[in-house]
Number of protein chains: 2
Amino acid sequence: MDNKPQHDSTEQRIFDAAHETFLHKGFDGAKMQEIADRAGINKALLHYYYRTKEKLYEAVARAIIQTAVPRVRGVLESDLSLEDKLTQFVHFYIDLILKNPYIPLFIISEINKHPDHFFDKILPKELPKPELIFRQIESEIAAGRIRPIDPKHLIINVVSMCVFPFLARPIARLILGLSAEEMRALLEARKHEIVSFVMASLRP
Amino acid sequence: MDNKPQHDSTEQRIFDAAHETFLHKGFDGAKMQEIADRAGINKALLHYYYRTKEKLYEAVARAIIQTAVPRVRGVLESDLSLEDKLTQFVHFYIDLILKNPYIPLFIISEINKHPDHFFDKILPKELPKPELIFRQIESEIAAGRIRPIDPKHLIINVVSMCVFPFLARPIARLILGLSAEEMRALLEARKHEIVSFVMASLRP
DNA sequence: GTCTATATTCCGATAGAC
DNA sequence: GTCTATCGGAATATAGAC
């Protein structure tokens, strides 16, 4: 309900600047000087509030992860039908990434480049549990309402189709010859396209 | 007259070491010292052969791109049926990434972090042209052999399902609770799963 | 061509005045 | 709390001996 008011405290300004910088450039690419400039303060203050670059990064990376993970769990753990759940998940996820287009690359990239740091210091929270949705898929198959399919692959397919186009956006634009606005519309349209595509595939 | 035989030439050793290093760490994360160590030579020699880190990176990045792009074009521009083309594409692509698992992250990550450099210095080659496959999809729809679907989304769906699981491999392993070998088997199995999934969706 | 040594720049971090 | 000044180390790059 209540977000942190943090009117324009220096600490908050630093955090926001670091968020912006780390999100776009990753840990290696981000420089403390750039964060200080963006926050409109001196480099020394970064260390006053956050001691080291690592600790500042940890705070930011945790916040970035939090943006995505918990809200997805709500959809997956609800008691909607499989089709409704799929629809909600796809819409929710794509809208989220449309508003925060750098999050997927940040997570993927940082987790691959600094796996130990990420798993130890950033991620140790409860991840989405797939068991519930697995069981739901299997019972739909048993009831003959959808064709037989390995739930793991189904989940991977859906998430892949939602997230990957954002990662590949610059290349996709180039290959398909689309303007920035056309590309955005295409990504937006995928909310419906993915649901149709998956439901068509699941017909018994 | 004399082409580069490069059997174990110093230049080749440097190139290989740089390839390894840039592929795993990207431009910002890679250090010239590490490349020199890996090549078993001195830092100064890197500059003797390649002048700057940028130029060494350009040479390596071009080679990495070449690994993937041209071979894909061969499949897409062949005269196979749509289903055969899909099958060949998926098998080819997944096998390629299984053998070179760091390529997708390298391309995605570097193109997003250094887009100007990448588009100016690395990419200016002929990219796969989608028109041919688009027309093939549309004629299959017109003939009633597959259901109506926007070719752009179909292509994006297929590529997404092939590539994304490799990018998300560490997280997927964690969420699904798989060993490294189980995860590899899952990715291998996707060659058939993706084709089934797509063909099922395309049923009229 | 290959090395050692060094120049130069950059960056994270700290000291100390206010 | 915030600043200026600076340290110490790392990283890219060059000079010069062999």
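Chain naming here is simple, since letters A, B, ... match the order of the sequence lines and numbering starts at 1 in each.
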Which nucleotide wins on minimum distance to the side chain of Ala44(B), given the candidates dA13(D), dT4(C), dA13(C)? dT4(C)

State, yes or no, whether a side-chain contact exists between Tyr102(A) and Phe22(A) at a heavy-atom distance under 4.5 Å. no

Mind calculating the distance between CD (Gln12(A)) and C1' (dG1(D)) to the nearest angstrom? 17 Å

Does His47(B) put a side-chain nitrogen or oxygen below 4.0 Å from OP1 or OP2 of dT14(D)? no

When the distance from CG of Asp28(A) to C1' of dC10(C) is rounded to whole Å, what number comes out? 15 Å

Base, sugar-phosphate alone, or nothing: which one does Ala30(A) contact when heavy atoms must sit under 4.0 Å apart? sugar-phosphate

In whole angstrom, give the distance that lies between atom CZ of Arg51(A) and atom C1' of dA13(C). 9 Å

Name the closest nucleotide to the Lys31(A) side chain, picking from dC3(D), dC11(C), dT12(D). dC11(C)

Report the distance from atom CD of Glu11(A) to atom P of dG1(D), rounded to the nearest whole Å. 9 Å

Compare all side-chain heavy atoms of Ile108(B) with those of Ile108(A) and state whether any distance is below 4.5 angstrom. no

Give the rounded distance in Å between these two atoms: CG of Leu46(A) and P of dG12(C). 9 Å

Nearest whole Å is fine: how far is dT4(C) P from Asn42(B) CG? 6 Å

Presence of Thr10(B) side-chain N/O under 4.0 Å of dT2(C) phosphate oxygens OP1/OP2: yes

Taking all non-hydrogen atoms of both residues into account, name the closest pair between Arg62(A) and Lys121(A) and its distance. NH2-O, 2.9 Å

If you compare every side-chain N and O of Tyr50(A) against the phosphate oxygens of dA13(C) (OP1, OP2), does one of them come in below 4.0 Å? no

When rounded to whole Å, the CG to C1' distance for the pair Leu45(B) and dA5(C) reads 15 Å

With a 4.0 Å limit, can you tell me whether Lys53(A) has a side-chain N or O closer than that to the phosphate oxygens OP1/OP2 of dG12(C)? yes

Does a side-chain N or O from Tyr49(B) land closer than 4.0 Å to OP1 or OP2 of dT2(C), or not? yes

Starting at atom CE of Met32(B), determine the distance to atom P of dT9(C), rounded to an integer number of angstrom. 18 Å

